[in-house]
Amino acid sequence: MLHSAFLGDPNVITWIHDWVPLIFMGALVVLVGLTMRMIPRTRPAEIRPQETPPIAWGDIAGVDEAKDELREIVDYLRNSKRFRRLGANLPSGILLHGPPGTGKTLLAKAVAHESGATFFSQSASSFVEMFAGLGSARIRRLFKEARRHAPAIIFIDELDAIGTARSGGAANREYDQTLNQLLVEMDGFSAKGDVVVLASTNLLEKLDPALLRPGRFDRHIFVSPPDLTGRESILKVHSRNKELAADVDFGLLARQTSGLTGAELANICNEAAIFAARRDSDQIEMGDFDAALERVMAGVPTRRTLSEHERRVVAYHEAGHALCGELLPSVDPVHRISIVPRGVALGYTLNLPDEDRHLKTREELIDLMTMLLGGRGAEELVFGSITTGASDDLKRVGDIAYAMVHEFAMGNGIRSMKVAPETMSETTRRVRDEEVRELADQAARAARTILTAHRAQLDELASTLLTKEVLERPDLEAIMRGIPQAAPERRGSRHLGIAAATAVDPARPASAGE
Ligand code: ATP
């Protein structure tokens, strides 16, 4: 009763009438204010040329082609009048692409330093937020700032975060708007010519074609992992300020680090310095570099304790890899085998190439899969059962076999064309799946043949591993003495086939097994 009397009171009704809309509006304003405060504020990082530590051309090694291309841009930014007098315009956008850690960001910073231009750097992922329209506003602001400070360089890292092909779908509207804004801005300033846009990506093939057309990112510079001389120079660059012992051999280290990027090589130099400091030494020795190389390639040693049976399984698994690696001429020579758990691995076999390779034959890829399946093959042969330890090997075999069939048309059937997965008929898909399986099975059979034929060496490798835990190249050579192997000059260049790899040493009877 009291309740309805209260609501019936004309004063209360007037109060509600006057104040509730105001309170509601106030709450709305507070809510919008709070939401605005939650929006992350990202500003482009502005680096002035004179700021430290400056990156100069001398700090970057092993990417000479990319450096030569970019020197042209530096020349233009320094002497833009000379170029413009002759009607020459800068390319509007330069795209650095290549695997992660090859020095793309470093190159962009060196351009900024050497040209004396102000450098604005922003990661493309920081443009895009959940709030629609924010990404395009950020792009506008970035270009406005750069124009205000011309001559300037805008560097957009990880361009693929906004630059992948536009979907047109409602769910990706924010991405599409951000990309559209970037396209508009790039069209807008190209005539003025004193702002250069550099961008980097690991995924050139996924970028929207509109970004790559002439007038936008029309100059593409591939920044590849360094070759042998490049690796040696990068190691020297990153050891410049370090005290080195006389035994440090960068040539040897460069040979042992095929396929590694500049970032990984920089990491090895740093890890070597840490190892030397831990020894309380004043100088970094070759042993420190060796330990660093092992840590970077195989991971940090872990304290996992394995049962005696597990140790034996791991030893045979690694011995299986090593034996196949040693006997297959096209596989890189085995440098070290270890059953000390490191990172997620319980053991590892390190194969190091004698030289950089750019092409691989079908037979070489089958040999590589055979070596990868040698671990599981040994487990099966010796213990009659298989374990979960081969999961990484199996994944790599799957990837290689898939690429052989789908990318390189190296299967047993179709060898004359590549079919895109989206246009593949159901029948072709079935045929190709079958081809992938056949290749992997062929490698598994080859591994089994090698292991069975060289059972004595397999046993000896495994038992030596169980006692010493780590076998180096000379240990391996001692065990394999007398077995016909590929001559060093034939490794990596010619395929001798399973026949050579399975040639049994008549002096050694096959072991009875476990
Ligand atoms: P991401 O694609 O992942 O962004 P990135 O190609 O931009 O990688 P950077 O950030 O330029 O790679 O390189 C990382 C680090 O690796 C550098 O700071 C440097 O220490 C080292 N580095 C990479 N490449 C080189 C090189 N060519 N010369 C010297 N150092 C290098």
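Whatever order the structure lists ligands and atoms in, that order sets their numbers, starting from 1.
Note on ligand 1: E158 sits in its first shell, one or more heavy atoms being nearer than 4.0 Å. Heavy atoms of L107 stay at 4.0 angstrom or farther from ligand 1. Residue contacts with ligand 1 include N202, since one or more of its heavy atoms lies under 4.0 Å from the ligand.
Of the polar atoms of G103, at least one N or O is found under 3.5 Å from an N or O of ligand 1, judged by distance alone. The shortest N or O to N or O distance between S200 and ligand 1 is not below 3.5 Å. Residue A266 places no N or O, backbone or side chain, under 3.5 Å from any N or O of ligand 1. For L106, a nitrogen or oxygen atom sits less than 3.5 Å from a nitrogen or oxygen atom of ligand 1, counting backbone and side chain alike.
Side-chain contact annotation: T229 with E232, donor-acceptor N/O pair under 3.5 Å absent.
Protein heavy atom closest to atom 7 (O) of ligand 1, with residue, atom name and distance, is T105 OG1, 2.5 Å. When hydrogens are left out, the protein atom nearest atom 28 (N) of ligand 1 is A61 N, 3.1 Å; that is the closest non-hydrogen contact.
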Go through it in stages, so that I can follow the logic: the residues are R473 and E326, the test is salt bridge (charged side-chain N to carboxylate O under 4.0 Å, His left out), and I'd like the CA-CA distance, side-chain angles, deciding distance and then a yes or no. CA-CA 10 Å; R473 177 96 211 131; E326 273 304 287; 2.8 Å; yes

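Aromatic ring orientation, F250 versus F289: perpendicular (interplanar angle above 60°, classes split at 30° and 60°).
Not a single side-chain contact (heavy atoms from CB on, under 4.5 Å) links A277 to another residue, sequence neighbours left out.
When the heavy atoms of P225, G62, A263 are ranked by distance to atom 15 (C) of ligand 1, first place goes to A263.
Listed by first and then second residue, the salt bridge (charged side-chain N to carboxylate O under 4.0 Å, His left out) pairs that reach into residues 114-127 are R78-E114, sequence neighbours excluded.
Under 4.0 Å is where a charged nitrogen must lie from a carboxylate oxygen, and between D433 and R437 no such pair does.
Among K67, K236, R240, the single residue meeting the salt bridge (Lys or Arg N to Asp or Glu O under 4.0 Å) criterion with D59 is R240.
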